[in-house]
Amino acid sequence: MRLILIAAMAVLMVGQAAAEDALSGAALYADVARYASFGLHRFGSLGDRATADWIAGEMKQAGFDVSFQAVVLGRQYVVEQASAEAGGTRVEATPFWWPPEDRASFHLTAPLARDGDVAGKILLLDLPFDRGAYLGPVHRAAINEAAAKKPAAILLTIGNPADDRFAYNVTQEDAPWPVPVIVVGAKSRPAFERALASGAAITFDVKGHYERDVAGRNVIAETGKGRGPTIVVSTPMTGWYTCVCERGPGIANFLALARTVAAEKWPAHFVFIATAGHEIGHGGMELFLKQGAPPPKDTLAWIHFGSSNACYGFAEAARTDRPEEERYLVLSRSAVALTDEAFVGVAAKRLVTEKQAVGELRDVHAAGYANFLGMAGRHRTFHTPSDDVAATGPDILEPVARAFVGAARKIVERGEAAFR
């Protein structure tokens with residue numbers, strides 16, 4: 001009996017040591033770097049497929065039962081190459097989703113104009129920074145009003161702290177724009193201002209195509225089936241560009257929690273779900289909630305790793321050693337006491353939701369899951385091509401991962417009492 005007890009304690013100690021390694025800043029940052037190595041993470045891309053394979057492999061290695069859930073979205077636009085040129089200065093550009101289907105590829109040279117008779121010209125339009133992630137009615141109205149003036153195309157800049165090409169999340173139901181809308185970063189604005197002042201022509205060169213019934217995959221990993229109410233853990237995998245600090249820390253936290261659960265053999269039923277299609281309609285989460293998610297009545301808690309949950313802040317254009325201030329703990333009212341306890345060392349504003357959550361948690365909340373907590377935010381290079389591994393680091397990744405593991409452990413230990 002004594003030998004059995006010693007062996008059991010040894011297994012537990014090994015599991016705890018493995019869990020500690022998984023929660024180290026170095027291990028978390030290595031996962032962010034691995035995610036970054038796959039490049040573009042737009043839905044349906046090679047990077048999307050590589051990411052799903054990688055996460056599935058890591059979950060299998062941790063000991064989970066892993067499956068793929070096919071996610072098929074009705075359309076995706078694929079950019080092969082896009083540029084805008086003014087006065088010999090050529091810059092990378094991004095068509096604004098969704099482009100006109102008959103101009104998925106086009107070449108256009110025309111004068112640039114801001115006002116007056118812009119018919120047949122390229123109309124310069126600015127959208128101010130609104131701190132949002134989703135295309136909304138104000139944006140739509142501004143672009144449709146500009147398109148109604150019959151320009152040949154629209155040159156669009158969207159305010160953001162990085163002065164780079166910004167993208168808003170869209171849905172599958174959004175209609176294509178009446179004319180091509182091409183986004184450039186505000187840092188390239190001087191060349192276009194000179195063209196505007198002189199009345200010179202600028203050139204768009206876009207090569208792209210639409211794909212139909214585009215295939216992607218959710219990754220579902222499960223352990224402890226039959227051990228009581230379920231705890232669901234989710235994170236999105238896809239985004240507009242490389243989205244390294246937008247998605248990477250959440251994925252690293254997701255994997256760290258999974259490895260801890262497995263290494264320490266937590267006595268609970270966990271379902272981990274990594275979703276695809278976030279930026280073009282939350283397709284993966286929508287599908288999982290309809291097919292695969294445990295019913296709300298059988299779900300003890302839902303934990304979500306959203307955007308930008310461990311990114312450095314900036315002050316006067318210089319990176320600081322502090323986390324970005326625009327970081328939110330998004331939680332049900334039932335989770336307030338739990339998060340106050342578990343996240344005492346993590347600087348984040350509390351967003352207690354009664355009517356609507358944010359990001360993919362809004363889908364979870366709308367589906368009737370009563371107890372949920374997650375983290376989401378934005379950072380300087382959010383939704384731009386500039387988002388890279390420099391935006392995060394081991395020192396700010398580790399406290400967030402440990403706080404989430406601490407919260408999840410309390411949920412397992414306390415059960416329903418964790419939410420009273």
Side-chain angles (χ1 to χ4, degrees), residues 16 19-20 22-23 28 223-224 227-235 249-273 285 289 293-310 323 326-377 396-420:
Q16 289 175 335
E20 282 298 304
L23 297 175
L28 294 160
T223 189
R227 293 185 181 178
T230 304
I231 299 169
V232 181
V233 183
S234 58
T235 194
I251 289 172
N253 291 161
F254 177 91
L255 292 173
L257 176 55
R259 291 165 182 150
T260 304
V261 168
E264 296 184 0
K265 302 186 186 304
W266 287 10
H269 178 213
F270 276 88
V271 175
F272 282 74
I273 171 72
M285 177 59 81
L289 287 168
K297 65 181 179 60
D298 297 332
T299 302
L300 174 59
W302 195 301
I303 299 171
H304 183 69
F305 296 107
S307 61
S308 311
N309 64 36
E326 282 195 86
R327 184 168 67 171
Y328 299 88
L329 270 168
V330 185
L331 56 144
S332 60
R333 185 163 294 281
S334 61
V336 170
L338 172 67
T339 51
D340 283 348
E341 182 181 353
F343 288 83
V344 66
V346 176
K349 299 170 185 175
R350 267 56 172 174
L351 182 58
V352 181
T353 68
E354 291 184 340
K355 295 183 178 179
Q356 184 173 340
V358 299
E360 294 195 2
L361 266 181
R362 94 185 162 198
D363 303 320
V364 172
H365 179 43
Y369 292 86
N371 304 321
F372 59 85
L373 62 107
M375 184 173 281
I396 60 170
L397 285 161
E398 187 168 328
V400 176
R402 291 191 180 280
F404 270 106
V405 167
R409 183 179 279 114
K410 293 178 193 302
I411 293 170
V412 171
E413 292 171 349
R414 300 173 186 175
E416 290 288 352
F419 299 100
R420 292 175 186 161

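For the side chain to side chain donor-acceptor pair (under 3.5 Å) test, no residue two or more places apart in sequence or in another chain qualifies with Lys349. For Arg333, the side chain to side chain donor-acceptor pair (under 3.5 Å) partners are Glu354, not counting sequence neighbours. For the side-chain contact (heavy atoms from CB on, under 4.5 Å) test, residues two or more places apart in sequence or in another chain that qualify with Glu341 are Lys410, Arg414. Listed by chain and number, the residues in a side-chain contact (heavy atoms from CB on, under 4.5 Å) with Asp340 are Val336, Arg350 (sequence neighbours excluded). Qualifying side chain to side chain donor-acceptor pair (under 3.5 Å) partners for Glu416, counting only residues two or more places apart in sequence or in other chains: none. With sequence neighbours excluded, the residues that form a ring-ring contact (aromatic ring centres under 6.0 Å, His included) with Phe272 are Phe64, Phe254, Phe270. Among residues two or more places apart in sequence or in another chain, the side-chain contact (heavy atoms from CB on, under 4.5 Å) test is passed with Pro267 by Val412. Partners of Glu326 under the side chain to side chain donor-acceptor pair (under 3.5 Å) rule, at least two apart in sequence or in another chain, are Arg131, Arg378. With sequence neighbours excluded, no residue satisfies ring-ring contact (aromatic ring centres under 6.0 Å, His included) with Phe419. Scanning for ring-ring contact (aromatic ring centres under 6.0 Å, His included) contacts around His365 gives Phe372, with sequence neighbours left out.
Here the side chains of Phe404 and Ile303 are in contact, with some heavy-atom distance below 4.5 Å. Counting heavy atoms from C-beta outward, Ile411 and Ile231 have side chains that approach closer than 4.5 Å. Using a 4.5 Å heavy-atom threshold, the side chains of Arg327 and Val400 count as touching. Taking the side chain as every heavy atom from C-beta outward, Val330 and Leu373 never approach each other to under 4.5 Å. Residues His304 and Val233 are not in side-chain contact: their nearest non-hydrogen atoms beyond the backbone lie 4.5 Å or more apart. Side-chain atoms of Phe343 and Met375, non-hydrogen and from C-beta on, do get closer than 4.5 Å to each other. Considering only heavy atoms from C-beta on, Leu300 stays 4.5 Å or farther from Thr230 through its side chain. Using a 4.5 Å heavy-atom threshold, the side chains of His269 and Pro229 count as separate.
Side-chain contact, Ser334 with Asn371: a donor N or O sits under 3.5 Å from an acceptor N or O.
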Worked check of side chain to side chain contact (heavy atoms under 4.5 Å, CB included) between Leu329 and Leu351: CA-CA 6 Å; Leu329 270 168; Leu351 182 58; over 6 Å; no
If you apply the rule side chain to side chain contact (heavy atoms under 4.5 Å, CB included), what do you find for Ile273 with Val232, and how did you get there? CA-CA 7 Å; Ile273 171 72; Val232 181; 4.0 Å; yes
Worked check of side chain to side chain contact (heavy atoms under 4.5 Å, CB included) between Thr260 and Arg409: CA-CA 10 Å; Thr260 304; Arg409 183 179 279 114; 4.1 Å; yes
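Between the CZ atom in Phe305 and the OG atom in Ser234 there is a gap of 8.5 Å [rounded to 0.5 Å]. Between the CG atom in Leu28 and the CZ atom in Arg402 there is a gap of 8.5 Å [rounded to 0.5 Å]. The CG atom of Asn309 sits 14.5 Å away from atom OH of Tyr328, with the distance rounded to the nearest 0.5 Å. Remark: Thr235 OG1 to Ile251 CD1 distance equals 5.5 Å, nearest 0.5 Å. Separation of atoms OG1 (Thr353) and CG (Leu361) is listed at 7.5 Å; rounding is to 0.5 Å.
When all heavy atoms of Ala403 and Ala342 are compared, the pair lying nearest together is CB-O, 3.6 Å.
Pairs engaging residues 360-370 under the salt bridge (charged side-chain N to carboxylate O under 4.0 Å, His left out) rule: none recorded [sequence neighbours left out].
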